[in-house]
Amino acid sequence: MIDLNNTEGWEPIATAPRDGSVIWVMDPDCGAFLMRWSASTTNPMFSDATGMWLATDGSLTWCEDTDAGPTWWRAQILQ
């Protein structure tokens, strides 16, 4: 389980890969989700921006240009 109050091992979201790699993105107030950056994704319900984090199953988008966007990331740990 991910401890949302402990950012040890997490990197600032500004340094996250934007190449489509699946990574964990997190904000302590919202949760942590496996997502990938999609430069062409939009969600007009929340932002006019193009490009946002997209859940691996496409069910969720998370935009950085709002105050509720992810603030941390870390690599997906394969088990």
Side-chain angles (χ1 to χ4, degrees):
M1 178 174 235
I2 294 175
D3 180 356
L4 299 177
N5 295 311
N6 182 359
T7 57
E8 184 177 333
W10 293 83
E11 302 292 332
I13 197 66
T15 65
R18 313 252 175 192
D19 60 3
S21 300
V22 175
I23 60 172
W24 284 101
V25 296
M26 185 266 283
D27 181 83
D29 294 330
C30 298
F33 305 92
L34 276 174
M35 303 184 100
R36 65 178 177 81
W37 179 256
S38 173
S40 61
T41 296
T42 61
N43 187 338
M45 289 181 62
F46 302 105
S47 172
D48 292 333
T50 299
M52 55 187 60
W53 296 99
L54 179 66
T56 56
D57 66 359
S59 65
L60 174 69
T61 59
W62 207 355
C63 184
E64 286 185 359
D65 75 345
T66 66
D67 289 336
T71 52
W72 301 96
W73 79 277
R74 72 177 184 192
Q76 179 182 1
I77 300 169
L78 300 176
Q79 298 180 350

Residues 5-15 side chain polar contacts: donor-acceptor under 3.5 Å, at least two apart:
| residue | atom | partner | partner atom | Å |
| --- | --- | --- | --- | --- |
| Asn6 | OD1 | Glu8 | N | 2.9 |
| Thr15 | OG1 | Pro12 | O | 2.7 |
| Thr15 | OG1 | Trp73 | NE1 | 2.9 |

query = Residues two or more places apart in sequence or in another chain: which of them pass side-chain hydrogen bond (donor to acceptor under 3.5 Å, both in side chains) with Asp19?
reply = Ser21
query = Looking at residues at least two apart in the chain, or sitting in another chain, which of them share a side-chain hydrogen bond (donor to acceptor under 3.5 Å, both in side chains) with Asp57?
reply = Ser59
ask   = Are any of the side-chain heavy atoms of Arg36 and Thr56 separated by less than 4.5 Å?
value = no
query = How far apart are the closest heavy atoms of Ala49 and Cys63, and which atoms are they?
reply = CB-SG, 4.2 Å
message = Would you say that Ile23 contacts Pro17 through its side chain, given a criterion of any heavy-atom pair below 4.5 Å between the two side chains?
response = yes
ask   = Same cluster for Val22 and Met52 if Ile/Leu/Val/Met/Phe/Trp/Tyr side chains link at under 4.5 Å?
value = no
message = Any heavy-atom pair between the side chains of Trp62 and Asp27 that's under 4.5 Å?
response = yes
task = Examine the side chains of Glu64 and Trp53 and answer whether a donor and an acceptor come within less than 3.5 Å of each other.
result = yes
query = Rounded to the nearest 0.5 Å, how far does OG1 of Thr61 lie from CG of Leu54?
reply = 7.5 Å
